[in-house]
Amino acid sequence: MSSFAFILPTWPVAPWRDAMIKAAPKLDVRSWPDKLGKVEDIAYAAAWLPPPDVLGNLPNLKVIFSLGAGVDAILSDKTLPKNIPMVRVNDPDLTNRMSEYIVLHVLMHHRQQRRLDANQHARVWDSFPTHAARDMTVGVMGLGVLGQDAARKLVMMGFNVVGWSRSAKQLENVTCYAGTAGLAEFLGRTDILVCLLPATTETDGIINASLIRQLSRKGPFGAPILINAGRGRQQVEADLLNALDSGALYAATLDVFSKEPLPADSRFWNHPKVTITPHAAADSEPLTICSYVAGQIARYEQGLPLENLVDRARGY
Ligand code: NDP
Ligand code: OXD
């Protein structure tokens, strides 16, 4: 019988074991570090933030599963065995959760909910003017599984939506830009920048002072807004803080940070223009994700191609 192992140093493993046993009752489910058994037995491993060396020490591993959509943490393991296929999560449940988050935070900024909250606390009845969604252009960086779904839902809400990706895309009612050649025009139209890019060497530090300078200042608030639910590595945090302090950025919602958990002494915590969420934009729900993983294992054992394979050379 094939054995399967979870490697989840930062998550409680019990709900995942229970879910996997439910999703694949015939699978021998183990977990690192204490319930791994003989390393030779493990054919399948599912990981989130695995420590280096663990995957590399499973000599008979056939498939690696990332329990998240992003695979940067697994790929950063220098001891990762080469030539073993890696499957990442692409599931409607996770996609819907991310789109809820993006729509929620675009609307929060657009309708100035934080100003309303502050007014309520101060018992101030201030019915200030608002503007239409069509007056706001949301630019989605990363038009993959998550970016495309968020873009479609923002279009449904009435926003102008533009998008940017590595290769050219066609999306109904979304003006799409691609590559370095398309970046400046994309940024120049963007009032609210949504980042749903993977963390790769090409996207590291992409949200920096130069990028912020290129964003539109013609929107309703006269300065752009940032929503980053991609990865913390993509933002130069000193540049973000400077831009927020100077007014070059009107506000930001940040779900991801260069160091997670965000250190208690970070200036982001109590910055008046910043909304923080703890890398929780789109949770991986154990039973949903385990059913997806079990489905991929069944495909593999029937000789069918695995789906949502990571392109290691590309980095996502
Ligand atoms: P996909 O691989 O489906 O999409 C990635 C998109 O980014 C693609 O459109 C790709 O372009 C584009 N892209 C990659 N590199 C570049 C580049 N150098 N320049 C321009 N565009 C680029 O990923 P998902 O949509 O599933 O997920 C995106 C990311 O979201 C994950 O990698 C993860 O970091 C983050 N995430 C965060 C979560 C959270 O809770 N905060 C939860 C889940 C994911 P192309 O289409 O041409 O390949
Ligand atoms: C991620 C995820 O990649 O939670 O961040 O799926």
Side-chain angles (χ1 to χ4, degrees), residues 8 10-11 16 46-50 65-76 86-102 104-105 139-153 162-171 174 176-187 190 193-207 211 226-235 253-258 260-262 275-286 288-289 292-293 307-316:
L8 307 176
T10 61
W11 289 350
W16 287 90
W48 179 250
L49 306 184
F65 294 93
S66 164
L67 290 185
V71 292
D72 43 296
I74 299 183
L75 289 181
S76 69
M86 188 189 304
V87 172
R88 71 183 193 98
V89 172
N90 169 0
D91 183 88
D93 177 76
L94 188 134
T95 304
N96 280 333
R97 288 168 192 250
M98 180 58 87
S99 291
E100 284 172 9
Y101 181 89
I102 301 301
L104 171 72
H105 286 270
V140 181
M141 279 213 288
L143 289 175
V145 175
L146 302 179
Q148 288 199 22
D149 193 69
R152 271 190 220 103
K153 288 172 180 165
V162 297
W164 182 69
S165 52
R166 202 158 81 139
S167 57
K169 298 273 178 294
Q170 285 206 315
L171 264 179
V174 178
C176 296
Y177 299 90
T180 18
L183 183 59
E185 195 172 339
F186 162 79
L187 295 173
T190 294
L193 181 69
V194 170
C195 178
L196 284 171
L197 286 168
T200 67
T201 47
E202 284 179 20
T203 63
D204 278 347
I206 191 168
I207 307 170
L211 176 140
L226 168 69
I227 299 174
N228 188 6
R231 280 290 183 269
R233 273 168 51 180
Q234 292 152 355
Q235 64 205 13
T253 288
L254 303 173
D255 185 55
V256 287
F257 297 89
S258 55
E260 294 177 9
L262 182 64
T275 301
I276 286 174
T277 53
H279 197 140
D283 274 344
S284 295
E285 194 279 316
T288 310
I289 305 297
Y292 165 82
V293 170
E307 295 168 315
N308 305 308
L309 281 169
V310 174
D311 179 338
R312 292 217 204 172
R314 212 176 51 168
Y316 65 98

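As the structure lists them, so they are numbered: ligands from 1, and atoms in each ligand from 1.
- In this structure, Lys169 counts as a contact residue of ligand 1, since one of its heavy atoms falls inside 4.0 Å of the ligand.
- Residues Met141 and Leu193 form a side-chain contact, since some pair of their non-hydrogen atoms from C-beta on lies under 4.5 Å apart.
- Each of Trp48, Gly68, Ala69, Gly70, Leu94, Arg231, His279, Ala282 has a non-hydrogen atom positioned under 4.0 Å from some atom of ligand 2.
- Within the set Tyr101, Tyr177, Tyr316, the minimum heavy-atom distance to atom 15 (N) of ligand 1 is found for Tyr316.
- Under the 4.5 Å side-chain criterion, counting only non-hydrogen atoms from C-beta, Thr203 is not in contact with Tyr316.
- The minimum heavy-atom distance between Leu49 and Ala73, with the atom names listed, is CD2-CB, 3.5 Å.
- The closest heavy-atom contact to atom 25 (O) of ligand 1, among the options Asp255, Leu146, Leu94, comes from Leu146.
- The two residues Val174 and Ala151 come nearest to each other via the heavy atoms CG2-CB, 4.3 Å.
- Taking both residues in full, the closest heavy atoms of Asp72 and Arg231 are given as OD1-NE, 3.0 Å, listed atom of the first, atom of the second, then distance.
- Side-chain contact between Asn96 and Lys153 is present, with heavy atoms from C-beta onward closer than 4.5 Å.
- Ile74 and Ala47 make their closest contact through CD1-O, 3.9 Å (heavy atoms, listed as atom of the first residue, atom of the second, distance).
- Counted by atom type alone, Tyr292 and Asn308 present one or more donor-acceptor pairs between their side chains at under 3.5 Å.
- Residue contacts with ligand 1 include Arg88, since one or more of its heavy atoms lies under 4.0 Å from the ligand.
- In this comparison of Pro198, Gly144, Gly182, the heavy atom closest to atom 7 (O) of ligand 1 sits on Pro198.
- Contact annotation: the side chain of Asp283 approaches that of Arg97 to within less than 4.5 Å [non-hydrogen atoms, C-beta and beyond].
- Atoms of ligand 1 lying under 4.0 Å from at least one heavy atom of Leu197, given by number and element, are 7 (O), 12 (C), 13 (N), 21 (N), 22 (C), 29 (C), 34 (O).
- Both the backbone and the side chain of Arg166 come within 4.0 Å of ligand 1, counting heavy atoms alone.
- Among Leu196, Thr95, Leu254, the residue whose heavy atom lies nearest to atom 28 (C) of ligand 1 is Leu196.
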Next on the checklist: Between Thr277 and Tyr101, does the side-chain hydrogen bond (donor to acceptor under 3.5 Å, both in side chains) criterion hold? Intermediate values first, please.
Outcome noted: CA-CA 10 Å; Thr277 53; Tyr101 181 89; 2.6 Å; yes
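- Residue-level proximity to ligand 1 for Met141 is absent, since no heavy atom of it falls below 4.0 angstrom.
- The nearest protein atom to atom 35 (C) of ligand 1, hydrogens excluded, is given as Gly230 O, 3.6 Å; this is a heavy-atom distance.
- With contacts defined as side-chain heavy-atom distances shorter than 4.5 Å, the pair Asp149/Arg152 qualifies.
- Remark: ligand 1 atoms within the under-4.0 Å shell around heavy atoms of Trp164 are 19 (N), 20 (C).
- With contacts defined as side-chain heavy-atom distances shorter than 4.5 Å, the pair Leu143/Cys176 qualifies.
- Listed by number with element, the atoms of ligand 1 under 4.0 angstrom from any heavy atom of His279 are 39 (C), 40 (O), 41 (N).
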